Amino acid sequence: MHFSKMLIPTLRETPADAEAISHILMLRAGYVRQLVAGLYIYLPLGLRVIEKINKILKEEMNAIGAQEVIMPLLHPAEIWKETGRWYEIGDEMFRLKDRGGREMCLGMTHEEIMTWLAVREVRSYRDLPQIWYQIQTKLRDEARPKSGVLRTREFLMKDSYSFDAGEDGLERSYQRHAEAYHKIFSRCGLKFYMVESDPGMMGGAVAHEFMAPSPAGEDVVVICDSCGYAANVELALSNPPGIKFEDWKFEEVYTPEKRTVEEVSSFLKLSPQYFIKSILVIGDDGPVLALVRGDQELHEKKLGRIIGNHRPAQKIEVKEILGVEAGFIGPMGHQIRIIADTCLKKGVYVSGANKPHYHAIGIKPGEDFDAEWHDIHVAKESDSCSKCGNPIRIECTIEVGNIFKLGTKYSGPLKAFYLDENGQGKPLIMGSYGIGPARIAAAAIEQNHDKDGIIWPKGIAPFDIEILPLNMKDSKTAEVAEKLYKDLVKEGHEILMDDRDERAGVKFKDADLIGIPTHIILGEKNLKDGFVEIKDRRTGEAVKVRVEEVVEKVRDFISSF
RNA sequence: CGGGGCGUAGCGCAGCCUGGUAAGCGCACCUGUCUUGGGAGCAGGGGGUCGGAGGUUCAAAUCCUCUCGCCCCGACCA
């Protein structure tokens with residue numbers, strides 16, 4: 001393609017409302033434009049990247065026997081009502097009515113519709129397994145779209161759904177997806193982790209996420225380099241640093257106006273690790289007291305998985321339920337449900353004395369109070385791996401893919417049954433699997449850029465090579481550039497030819513911004529001696545090559561990186 | 001939905017506090033000229049209901065009220 005004939009509106013300056021690097025660079029390099037919050041236009045270059053990614057997705061999905069289909073994105077409400085999600089999902093679902101007043105919604109995912117198809121078309125165990133996928137638009141009315149293309153209200157998703165006769169089959173489909181996903185993200189040039197994740201509202205028991213490390217990511221992941229344990233911080237288990245306990249006798253001490261752990265800890269000159277933080281929350285089934293160590297934080301989601309929906313108690317509620325004001329709560333002597341972090345199970349601690357302006361020293365778990373023990377703290381960098389005891393790492397990541405074992409969550413309510421060998425009706429065992437192509441593109445930029453712009457991984461670059469004839473007014477330059485372009489296209493390379501009548505500096509700057517992996521530079525002086533330069537965008541390394549050898553050298557050059 | 005910030009030319013911004021002399025700057029764009037290995041120079045030019053509505057005033061980009069939009073933090077995230 002010729003630059004002069006393409007819409008590539010590069011920007012010299014950073015747009016004011018972009019903050020994430022991928023967002024800034026996609027705007028500056030002319031890949032996308034924003035319509036309104038969370039809705040993006042993909043310009044020619046941006047579309048090329050998405051299509052490269054989609055091609056990889058299709059190849060790898062087809063390779064595991066998945067079949068491409070396409071589903072409507074307008075859905076009748078009835079199906080969503082049957083699974084209950086019409087009611088469970090809140091404002092995130094776009095809802096509307098057709099002219100007949102029939103309730104509809106825009107598809108935010110396709111479990112219901114895929115299962116609807118399976119109900120009708122899958123009859124026998126002989127039809128199984130089936131894996132169906134599509135690459136199609138999803139619509140979710142996000143509360144807060146952000147970070148450019150990373151979180152939008154409308155986005156492309158490769159979603160696949162597996163239907164098996166039993167748990168073994170699901171396991172196979174799940175593993176095949178995991179392997180395909182590894183290949184996909186590798187081919188896209190991403191650094192990524194596969195981590196254990198919370199199945200959440202998707203239902204089912206097992207789920208993994210594919211996470212691309214990047215400071216722009218909104219998910220936090222716990223990684224153990226020693227044993228390979230990797231999990232989303234929403235469920236990651238970890239052991240807080242061990243501490244040496246004193247042999248305190250139970251004793252109440254006067255701590256006037258000292259309420260927070262920091263205040264009491266500095267007042268008593270004891271490290272926060274020796275404290276028990278007591279947090280009262282109000283759940284659907286009544287109040288619950290959550291206990292974590294003084295140097296730890298309570299993880300709401302971890303607690304939520306144990307007690308369900310809950311919210312922090314208000315000050316008045318604390319007084320009413322526990323009989324003491326916040327700041328002096330201790331775990332002793334309460335009748336309500338207590339969930340305590342596992343690391344508190346042993347030791348001798350300090351906490352509130354359940355009377356105003358007093359704390360208690362020498363509290364022994366198991367003796368002075370009892371609790372249900374769960375890992376409910378937020379994993380931190382200083383924690384150690386719960387599996388092998390070695391240090392863990394915490395990283396911010398972009399979720400680029402996920403895989404869920406659904407079981408019969410959808411096939412049950414929608415009555416997706418098959419007949420087994422004995423003629424018995426059984427529910428299909430399902431899995432669902434997603435990948436966001438736009439997030440792959442954004443993550444690739446987040447992980448591959450420098451001060452000058454994007455450095456695309458070869459697998460998903462919009463073009464393989466950019467030709468830069470530095471002076472288009474020089475007839476020799478223009479002539480050789482055209483010939484090289486034709487020859488290289490004939491070789492099967494995708495080429496962007498910067499045939500604009502721009503100064504050399506402009507072409508270099510734009511080429512670096514746009515980030516095509518290989519540049520062929522045609523300067524007047526080199527050309528007089530019969531040479532051009534082949535330059536690698538990532539390293540900046542350039543080699544001088546005779547014009548007639550370019551086609552051959554490019555072959556070597558490209559394969560050497 | 002709560003908190004904060006910002007809306008002035010395609011992009012980046014100044015002007016607002018202290019109303020009039022305030023529709024400005026840089027880049028981009030158009031014409032000409034010159035230049036061609038890292039966003040050149042010179043000369044000329046086009047482009048704005050100052051997000052919108054209402055109000056105060058002799059007079060509003062500027063003050064007041066309402067409203068819409070965008071970004072960031074948090075909550076939420078099938």
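The model shown is predicted, which means the values in this text are computed figures rather than measured ones.
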Pairing donors with acceptors under 3.5 angstrom, does anything connect the side chains of A:Glu78 and A:Trp80?
no

Give me the distance, rounded to whole Å, that separates B:G19 from B:C63 when you measure between the C1' atoms they each carry.
8 Å

Quiz item: A:Arg28 side-chain donor-acceptor pair to B:G39 base, under 3.5 Å:
yes

Whether A:Arg12 contacts B:C27 is assessed here as follows: a side-chain N or O lying under 4.0 Å from the phosphate OP1 or OP2. Is that the case?
no

Residue A:Phe508, side-chain heavy atoms: nucleotide from B:G37, B:G12, B:U36 that is nearest:
B:G37

Which whole-number value in Å describes the distance from A:Lys528 NZ to B:G37 C1'?
13 Å

Take atom CG of A:Asp501 and atom P of B:C30, then tell me their distance rounded to the nearest Å.
11 Å

Could you tell me the Watson-Crick or G-U partner of B:G26, where both distances fall under 3.5 Å? Say none if there is no partner.
B:C11

Out of B:C13, B:G38, B:G39, which nucleotide sits closest to the side chain of A:Lys535?
B:G38

Counting only Watson-Crick or G-U wobble pairs whose two distances fall under 3.5 Å, which nucleotide matches B:A40?
none

Counting only Watson-Crick or G-U wobble pairs whose two distances fall under 3.5 Å, which nucleotide matches B:C70?
B:G5

Nearest-nucleotide pick for A:Arg144, side chain only, options being B:C72, B:G38, B:G12
B:C72

Using purine N1 to pyrimidine N3 plus N6-O4 or O6-N4 for Watson-Crick, or N1-O2 and O6-N3 for G-U wobble, both under 3.5 Å, which nucleotide pairs with B:U65?
B:A53

Taking the minimum atom-to-atom distance to the side chain of A:Asn526, which one of B:U36, B:G37, B:C71 wins?
B:G37

Mapping A:Ala18 and A:Glu92 onto RNA chain B by nearest heavy atom, which one lands closer to the 5' end?
A:Ala18

Quiz item: cation-pi between A:Arg538 and A:Trp456, 6.0 Å / 45°
no

Taking only the side-chain nitrogens and oxygens of A:Lys146, find out if one of them lies under 4.0 Å from OP1 or OP2 of B:C73.
yes

From the candidates B:G37, B:C71, B:A75, the one with an atom nearest any side-chain atom of A:Gln34 is B:C71

Between B:G7 and B:C50, how far apart are the two P atoms, rounded to whole Å?
15 Å

Side-chain N or O of A:Arg503 less than 4.0 angstrom from OP1 or OP2 on B:G39?
no

Quantified in whole Å, what is the P atom distance between nucleotide B:A60 and nucleotide B:G20?
11 Å

Take A:Leu522 and A:Leu470, measure what side chain to side chain contact (heavy atoms under 4.5 Å, CB included) needs, and give me the verdict at the end.
CA-CA 6 Å; A:Leu522 280 65; A:Leu470 297 183; 5.9 Å; no

Roughly, in whole Å, what's the span from CZ in A:Arg311 to P in B:G2?
18 Å

Determine the contact category for A:Ala143: base if any of its heavy atoms lies under 4.0 Å from a base atom, sugar-phosphate if only primed atoms, P, OP1 or OP2 are that close, otherwise nothing.
base

Distance between C1' atoms of B:G15 and B:A61 (Å, rounded):
8 Å

A:Ala37 side chain: which of B:C71, B:G12, B:G39 is closest?
B:C71

Within the modelled atom types, does a donor on one side and an acceptor on the other bring the side chain of A:Asp512 and the base of B:G38 under 3.5 Å apart?
yes

Relative to the 5' end of RNA chain B, which residue comes earlier, A:Arg153 or A:Gly505, by the nucleotide with the nearest heavy atom?
A:Gly505

Has the side chain of A:Glu502 got a donor or acceptor that lies under 3.5 Å from a partner of the other kind on the base of B:G39?
no

Where does B:A22 fall, syn or anti, if syn means a chi angle no more than 90° from 0?
syn

Rounded distance in Å - CD1 (A:Ile514) to C1' (B:G38)
15 Å

Could you check whether the rings of A:Tyr40 and A:His23 sit parallel, tilted or perpendicular, using 30° and 60° as the cut-offs?
perpendicular

Expressed in whole Å, how much space separates the P atoms belonging to B:G51 and B:U8?
6 Å

Side chain of A:Ala504 - closest among B:A28, B:U35, B:G37
B:G37

Quickly work out the A:Asp17 CG to B:G51 P distance and round it to whole Å.
16 Å

When you check the side-chain N and O atoms of A:Asp159 and A:Gln134, is any donor under 3.5 Å from an acceptor?
yes

Distance alone, cut at 3.5 Å: any donor-acceptor contact between the side chains of A:Glu533 and A:His519?
no

Quick note, A:Glu19 side chain, CB onward, closest among B:C70, B:C72, B:G39 is B:C72

Taking the C1' atom of each, how far is B:C76 from B:U56, in whole Å?
42 Å

Can you tell me, in whole Å, how much space there is between the P of B:G46 and that of B:C25?
13 Å

Atom pair distance, as rounded to whole Å: CD1 in A:Ile89 and C1' in B:C76
13 Å

Does A:Ser147 reach a base, just sugar-phosphate, or nothing at all? Heavy atoms under 4.0 Å.
sugar-phosphate

Quiz question: going by heavy-atom distance under 3.5 Å, is there a donor-acceptor pair between the base of B:G37 and the side chain of A:Glu533?
yes

Can you check the A:Lys509 NZ to B:G38 P distance for me, whole Å?
10 Å

Looking only at side-chain N and O atoms, does A:Glu112 offer a donor or acceptor that is under 3.5 Å from a partner on A:Thr83?
yes

How far does the P atom of B:U21 sit from the matching atom of B:A59, given to the nearest Å?
14 Å

Using whole Å, report how far CG of A:Leu522 lies from P of B:G37.
13 Å

Over 60° means perpendicular and under 30° means parallel, so tell me whether A:Tyr485 and A:His2 are parallel, tilted or perpendicular.
perpendicular

